[in-house]
Every structure is written in C-alpha cells, then in structure tokens.
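Read through the structure below, which is laid out as structure tokens, and then see the notes.
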Amino acid sequence: MLPDYEFELCLTHDVDRPYKGLQAPYYALADRDPKHLSSLLPGVNPWWQFEEIMELEESLGVRSAFYFLQEESIFRKSPAKWLAPRYWVEHLGRYDLFDTDILDVLHDLDDGGWEVGLHGSYDSYDDPEALREQKAALEAALGHRIRGGRQHHLNRADSTWKHHADIGLEYDASLGSSTDCGFQHGYEVKRPFDDDFLVFPLTAMDIAVPDPGTEFDRAWETCENLLAEAAANDAVMTVLWHPRMFAEEFPGHRRLYRRLIEAAISMGAWVGPPADLADRIAPPNRRPAGAAGLRRT
C-alpha cells in the first residue's frame, strides 16, 4: 500500500484489565496456584505493563495504539442483565479513566507519540449514545480528540461502523477473530462507506496464536507465515497484544511480540499505529487538520 515499504504492520493493545485485582482468586483456583493471590496485596499489580511495552517499542523505534475501556456499571443496565455472569465480570473489572495512575499513563503515552484510542464497552457496539459518552470521557481525560479504536470482545453489528463514523471516529479495528489468525477479510484496509472512514481488519490476536510459553516455535511459525503472506501481498497486517500478556505469568508473549516487530522491520515493513497509517493513506485534501505525520521505523 505504501510505495516505500514491503507491507504495513499496525500494532495495537486493548486495555481491558490494567489491574489484576479481583481476577486473582479466579486464576488461583483455575491454576491451583495460590501465588496469584499475591496480586491482592497493596502495590502488587503484575498486569500494569505500560512502561515495559513503551520501553520495548522505544528500543525498536516504533509506536503502537492503546485502546482504553470505559465499561459501564452493571447498575446502568436493565435488571434482566444483572443475572448474567458476563456482565458481572465486566463490571468487576472496570477502571476509571480519571484515576490518577490511568491519567498519568494516558498522558505519558500521548506525549511519547503513542496513539490513544477508544475501546468501546461490551454493549456499546449498538448503542451510539454510550459510544458518544465514552469517546467524550476519554477525550476529556486525554485533553484532545481521538481518532479511532476497537470494540470490546470484537463485538460488532451492521450499524457499528456507522455509529463510529457518526460520533467522529475515523477508523475501527474490530473486524476479526479471537480464535483464528489470518487475512480472512482481505489484505487492505476497507472503506465501508466509500469515504475516509477506514476499517483495519485484525490479523492476529495474542490468544489466537499457539501459546508461546509452551510452544514458542509453533507460535513463531504462525507469525512468520503471516508476515510472509503480508509481504507477498503488500498487505496491511494488524496485530493485538493485550498489555497483561507481557507479564511474567504469560511467558513467551513479550519475546514473541519483539521478534514479530524485529522480523517485520528486517523485511522492509512500515510499523506503527493505525492512525499514523491512516494519515498516509487518506486523501490529502481530506486529511484532518493537525494530523500527525507518519512515523518511520
């Protein structure tokens, strides 16, 4: 797509659970390992991996996008949903965009050249008012407008992209799978309305590749094959690595992510966040005022 590069690799992170907290008892029971309970102690938070990811990407000369979630309280939903375990899981994992630590990391990312975007709440894919409120909250916390994002759990309806466009988002990255890797939705970004609104199909999510903690060679083979396919087809390849997967309890993921980026750079790829790529491929006469320039590796 870009004439100076073999293909494009977009790096993204969905910020679902920056605090392990109440997830610790679940993992302690599931893994039969009481060490997980240490996350309940004050000051212990293994899933807070922002600084580590920034350091890793900085060392490789690249940037990525972090999509922040403003999940609604279960008590704002209909009483019928109060009986569904899924909504309690989402409710108990909520975090506040205006918490001091979250605010600090939002601005650290933004000041450092990383993209900050919206991770629409579980039901917001078909609730334009909720999306509008969440976008406004994130922009208030950040101090300026955001460009795009991805829906939580990749939830999507026929109307989702229209909702995104109507509230002023320029792109969506929800089209894809949490179980399968590949270019099932083609090799290029999509323009569903034949205008400047873009869709970046998801090529690979961390939990869809073989577990690099136990099968690193298989995991790398999967990524290597995707990179080769991207290069052969001048593709836009988009990957999602959740920040918690960089923690020590998920061995191999940090190493695999680094190797993926290093290989892409060595193959002549452009690497960066979706908004930066959108700037390069958007028609110049329609490029938003003040848009950041392309970051090269």
Side-chain angles (χ1 to χ4, degrees), residues 5-20 23-24 27 30-31 33 35-36 38-39 44-67 105 108-109 112-115 150 173 176-183 202-231 235-274 295-297:
Y5 298 93
E6 294 299 316
F7 63 100
E8 293 76 41
L9 174 63
C10 290
L11 305 175
T12 68
H13 310 285
D14 290 355
V15 186
D16 296 342
R17 301 284 182 267
Y19 304 103
K20 188 174 182 180
Q23 307 290 322
Y27 282 102
D31 296 345
D33 185 353
K35 289 190 294 185
H36 287 288
S38 65
S39 300
V44 178
N45 184 23
W47 288 4
W48 188 273
Q49 293 289 318
F50 297 105
E51 291 80 4
E52 287 76 8
I53 297 171
M54 293 167 70
E55 182 179 349
L56 185 158
E57 293 177 353
E58 177 71 34
S59 72
L60 298 173
V62 301
R63 295 293 186 269
S64 61
F66 286 78
Y67 302 134
V105 82
D108 287 345
L109 289 165
W114 280 266
E115 180 188 353
R150 174 184 290 125
S177 171
S178 62
T179 58
D180 298 314
C181 299
F183 294 92
L202 178 62
T203 312
M205 186 189 296
D206 46 27
I207 60 174
V209 301
D211 183 357
T214 57
E215 299 181 284
F216 186 86
D217 289 342
R218 277 193 63 219
W220 170 241
E221 182 181 12
T222 298
C223 294
E224 189 175 35
N225 289 341
L226 291 172
L227 289 170
E229 187 174 354
V236 176
M237 176 176 171
T238 302
V239 298
L240 159 58
W241 247 259
H242 294 85
R244 67 178 181 274
M245 303 304 286
F246 291 80
E248 291 182 2
E249 66 190 84
F250 301 105
H253 276 278
R254 187 182 303 197
R255 176 186 171 200
L256 182 64
Y257 183 75
R258 172 181 282 276
R259 188 167 180 181
L260 174 72
I261 298 172
E262 290 175 336
I265 293 172
S266 71
M267 295 168 69
W270 175 93
V271 183
R295 288 188 184 83
R296 296 175 180 265
T297 58

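Computed from a predicted structure; not experimentally measured.
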request  = Applying side chain to side chain contact (heavy atoms under 4.5 Å, CB included), run through W114 and D108 and close with a yes or a no.
outcome  = CA-CA 9 Å; W114 280 266; D108 287 345; over 6 Å; no

task = For the pair I265 and V62, evaluate side chain to side chain contact (heavy atoms under 4.5 Å, CB included) and give the outcome as yes or no after the intermediate values.
result = CA-CA 10 Å; I265 293 172; V62 301; 4.1 Å; yes

inquiry  = side chain to side chain contact (heavy atoms under 4.5 Å, CB included) for F250 and Q49? Distances and angles first, verdict last.
reply    = CA-CA 12 Å; F250 301 105; Q49 293 289 318; over 6 Å; no

ask   = Could you walk me through whether I53 and F66 pass the side chain to side chain contact (heavy atoms under 4.5 Å, CB included) check?
value = CA-CA 11 Å; I53 297 171; F66 286 78; 3.7 Å; yes

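No more than 12 heavy atoms of other residues, nucleotides or ligands lie within 6.0 Å of CD in E248, so this atom counts as exposed by the packing criterion. More than 12 heavy-atom neighbours from other residues, nucleotides or ligands sit within 6.0 angstrom of CD on E215.
A ring-centre distance under 6.0 Å is not found for W47 and Y19.
Put simply, CE on M267 and CD on E224 are 8.0 Å apart, with the number rounded to the nearest 0.5 Å. Atom CD of E58 is separated from atom CD of E55 by 9.5 Å, given to the nearest 0.5 angstrom. Between atom SG of residue C181 and atom CD of residue E229 there is a gap of 11.0 Å, rounded to the nearest 0.5 Å. To the nearest 0.5 angstrom, W241 atom CH2 is 10.5 Å from M205 atom CE. The line from CG of D206 to CG of L256 is 9.5 Å long, rounded to the nearest 0.5 Å. Between L227 atom CG and L9 atom CG the span is 7.0 Å, to the nearest 0.5 Å.
You'll find the side chain of P212 stays beyond 4.5 Å of the side chain of R255, heavy atoms only. Side chains of P46 and E249 form a contact here, defined as non-hydrogen atoms less than 4.5 Å apart. Two residues are said to be in side-chain contact when any heavy atoms from C-beta on lie closer than 4.5 Å; P210 and E221 fail this criterion.
Each of Y257, F50, W48 was scored for a ring pair (Phe, Tyr, Trp, His ring centres under 6.0 Å) with F246, with one residue passing: Y257. When the options L240, D16, T12 are evaluated for a side-chain contact (heavy atoms from CB on, under 4.5 Å) with Y67, the one that passes is T12.
Across all non-hydrogen atoms, the minimal contact from P273 to E115 is CB-OE1, 3.4 Å. The shortest non-hydrogen separation linking G182 to L226 is CA-CD2, 3.7 Å. The two residues L202 and A173 have their closest heavy-atom pair at CB-O, 4.5 Å. Residues A235 and F7 approach most closely at O-CB, 3.3 Å, considering heavy atoms. Listed here is the closest heavy atom pair of F183 and A230: CZ-CB, 3.8 Å. Minimum interatomic distance between V236 and C10 (heavy atoms only, all atoms of both residues): CG1-SG, 4.3 Å.
Donor-acceptor pairing under 3.5 Å is recorded for the side chains of E57 and H13.
Under the 3.5 Å distance criterion, the side-chain polar atoms of R63 are matched with a main-chain donor or acceptor of G112. Of the possible polar contacts, one joining the T203 side chain to the T238 backbone as a donor-acceptor pair under 3.5 Å is found.
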